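These figures come from a predicted structure and were not determined experimentally.
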Amino acid sequence: MSPTFPLRLLSAHRKRRRTLDPEPETGLRVLVSGRPPAHAVAQVDQLVGDDAAGEAPTGTALEFRAVIRDPRDVDVIHLLSPDAVIGGPRTAAGERLRRATAFASHVRRHRIALVQTVTASKTRTPAERMLDSATTFFAARSAEQPTPDVHRTRVIPQSHLGDRFLGYPRADAVSGRAVMLTSGVFDAAYEAPLKVFAAADLPGTTLRLVGRAPAALAASFARSAGRNAGRIALRDAALSDAERVVEITASEFVVIAAPEDPLSYATMMLAVSLGRPVLVEETAETAALATEIGPEWIRTHPGRLTIATLEASVRAMRAETFTEAPRLSSRAPNPVAAMYRDLYRAAASAARR
């Protein structure tokens with residue numbers, strides 16, 4: 001498969017919209033918040049599948065917008081983030097609520113189905129609760145993921161990424177190397193395990209911290225790396241997909257410190273797709289994932305990572321022989337994309353009733 005996205009992006013001239021339209025005369029019209037599939041794999045790629053062999057699901061016309069206000073010529077709106085409607089954290093709370101109220105009224109009045117992807121568990125703001133009230137279905141990545149309304153939630157697992165990177169350069173695993181990695185900005189939860197690694201007694205073990213450090217913790221990350229030169233290396237930069245593949249395959253294992261965070265969860269799936277085990281805190285969601293994929297690949301530890309837990313986990317991992325590949329067949333890209341297509345159909349039907 002080519003590293004670039006295999007489907008042809010069609011340009012629509014009206015309102016400068018970009019549409020991915022396999023069957024425009026019969027397909028549902030779905031407006032998705034965010035950018036179209038591009039050179040870097042992201043959440044939107046879960047919706048379209050893998051068309052390298054011409055087998056991706058059809059019947060849905062996907063359109064992408066970074067900002068969504070009052071569309072009328074669509075059947076379904078899929079919010080990957082509510083910020084596309086109500087604005088980001090710099091938008092005043094009152095304005096966010098006003099936008100959410102107007103948007104909820106709009107989709108009800110025009111009988112447009114609203115689908116929201118559930119992200120990290122958090123307290124819902126009044127604006128988000130307003131959007132929730134108008135949501136037809138929520139899409140969660142697992143049955144264990146917290147959701148605003150379990151009765152309106154449909155579970156669609158995150159697809160594996162093994163086939164996405166066929167032909168990409170890979171590295172041989174460096175003995176003793178662990179990596180913490182993100183495709184965006186590190187969650188603040190990564191600061192504590194970084195300090196744990198610095199204090200742990202693990203001869204021959206090194207750690208690479210790869211990705212952008214949050215502004216508030218950039219100095220802390222740099223200090224930890226500077227005080228432990230030779231054991232901890234910091235690469236504070238945004239990475240391409242190709243660079244992420246090399247960093248992960250060059251490691252012995254991957255450490256996940258914030259499994260509820262969407263970027264961390266995506267890194268976890270990328271790691272096992274590339275044949276590298278992950279060390280992650282045990283939660284209801286990661287425990288279920290370990291049962292599904294294999295406990296030798298999703299290696300959970302109780303509670304937050306401590307020095308004792310890290311040392312014991314690494315020694316146990318190195319003592320084990322991997323005899324079975326991660327079980328990922330139920331997460332193939334096209335069946336996952338077909339689940340989204342079916343969800344859109346169900347949502348559109350419910351909104352019309």
Side-chain angles (χ1 to χ4, degrees), residues 12 14-19 29-36 38 42-44 46-47 62-141 145-153 182-189 212-218 238 258 260-266 343-344 347-348 350-351:
R14 187 174 59 177
K15 296 183 182 179
R16 297 191 300 180
R17 295 180 300 194
R18 298 175 70 181
T19 304
R29 299 161 299 174
V30 180
L31 177 58
V32 182
S33 66
R35 64 153 179 79
Q43 178 66 28
V44 295
Q46 301 285 315
L47 314 182
L62 299 179
E63 179 186 329
F64 301 86
R65 295 185 196 171
V67 177
I68 299 175
R69 288 293 180 258
D70 58 350
R72 302 186 185 188
D73 55 346
V74 296
D75 302 297
V76 181
I77 296 172
H78 185 172
L79 295 183
L80 301 178
S81 167
D83 291 357
V85 170
I86 61 179
R90 294 185 179 181
T91 304
E95 176 61 16
R96 285 164 64 90
L97 180 57
R98 186 196 67 78
R99 293 178 184 179
T101 302
F103 184 80
S105 176
H106 176 84
V107 296
R108 291 190 180 107
R109 184 168 62 252
H110 293 280
R111 301 171 75 181
I112 298 172
L114 179 59
V115 172
Q116 282 199 74
T117 290
V118 179
T119 54
S121 175
K122 62 178 181 178
T123 302
R124 307 293 282 179
T125 66
E128 291 167 338
R129 290 197 298 270
M130 178 60 68
L131 289 182
D132 293 346
S133 70
T135 297
T136 314
F137 290 120
F138 297 94
R141 67 191 177 216
Q145 188 179 17
T147 175
D149 185 347
V150 66
H151 300 293
R152 288 184 286 153
T153 298
T182 182
S183 59
V185 177
F186 275 109
D187 188 280
R212 287 180 291 162
L217 296 177
E260 73 287 348
D261 173 63
L263 292 180
S264 290
Y265 191 92
L343 173 62
Y344 296 148

Check your understanding: Taking only residues two or more places apart in sequence or in another chain, which ones pass side chain to side chain donor-acceptor pair (under 3.5 Å) with R109?
Key -> S105
Exercise for review: To the nearest 0.5 Å, tell me how far L79 CG sits from T135 OG1.
Suggested key: 7.0 Å
Review point. Do the non-hydrogen side-chain atoms of F103 and I68 ever get within less than 4.5 Å of each other?
Key: yes
Practice item. Using side chain to side chain donor-acceptor pair (under 3.5 Å) as the criterion, list what pairs up with S81, not counting sequence neighbours. Key: none
Revision key, fill the gap. Heavy atoms of A100 and I86 approach each other most closely as CB-CG2, 3.6 Å
Point to revise | Backbone of V85 reached by a side-chain donor or acceptor of R69 within 3.5 Å | key: yes
Review point. Short question: side chain of E95, backbone of T91 - any donor-acceptor pair under 3.5 Å?
Key: no
Review point. Is there a side-chain contact between F137 and V76 (heavy atoms, below 4.5 Å)?
Key: no
Pair up each side-chain donor or acceptor in residues 126-134 with any protein partner under 3.5 Å, not counting sequence neighbours, and list the distances.
from	atom 1	to	atom 2	distance (Å)
E128	OE1	T125	N	3.0
E128	OE1	T125	OG1	3.4
E128	OE2	K122	NZ	3.2
R129	NH1	R124	O	2.6
D132	OD1	Q116	NE2	3.0
D132	OD1	R124	NH2	2.7
D132	OD2	R124	NE	3.0
D132	OD2	R124	NH2	3.3
S133	OG	R108	NH2	3.0
S133	OG	M130	O	2.5

Check your understanding: Considering only heavy atoms from C-beta outward, does the side chain of L62 approach that of P36 to under 4.5 Å?
Key -> no
Exercise for review: Please round to the nearest 0.5 Å and tell me the distance separating atom CG of L114 and atom CD1 of I77.
Suggested key: 6.5 Å
Study note, to complete from the structure: Nearest heavy-atom approach of R99 to G87 is NH1-CA, 3.7 Å
Practice item. Quick one: closest heavy-atom pair of A347 and V115, and the distance? Key: CB-CG2, 4.0 Å
Check your understanding: What do the steps show when you test I112 against H106 for side-chain contact (heavy atoms from CB on, under 4.5 Å), and what is the final call?
Key -> CA-CA 8 Å; I112 298 172; H106 176 84; 4.1 Å; yes
Check your understanding: Can you name the nearest heavy-atom pair linking A258 to A189, along with the distance?
Key -> CB-CB, 4.0 Å
Study note, to complete from the structure: T147 meets the side-chain contact (heavy atoms from CB on, under 4.5 Å) criterion, sequence neighbours left out, with V118, F138, V150, T153
Point to revise | Test side-chain contact (heavy atoms from CB on, under 4.5 Å) applied to L80 - qualifying residues, sequence neighbours left out | key: V32, S33, Q43, V44, H78, T117
Review point. Hey, does the side chain of Q145 reach the backbone of T119 with a donor-acceptor pair shorter than 3.5 angstrom?
Key: yes
Check your understanding: Looking at residues at least two apart in the chain, or sitting in another chain, which of them share a side chain to side chain donor-acceptor pair (under 3.5 Å) with D149?
Key -> R152
Exercise for review: Quick one: closest heavy-atom pair of A350 and T136, and the distance?
Suggested key: CB-CG2, 3.9 Å
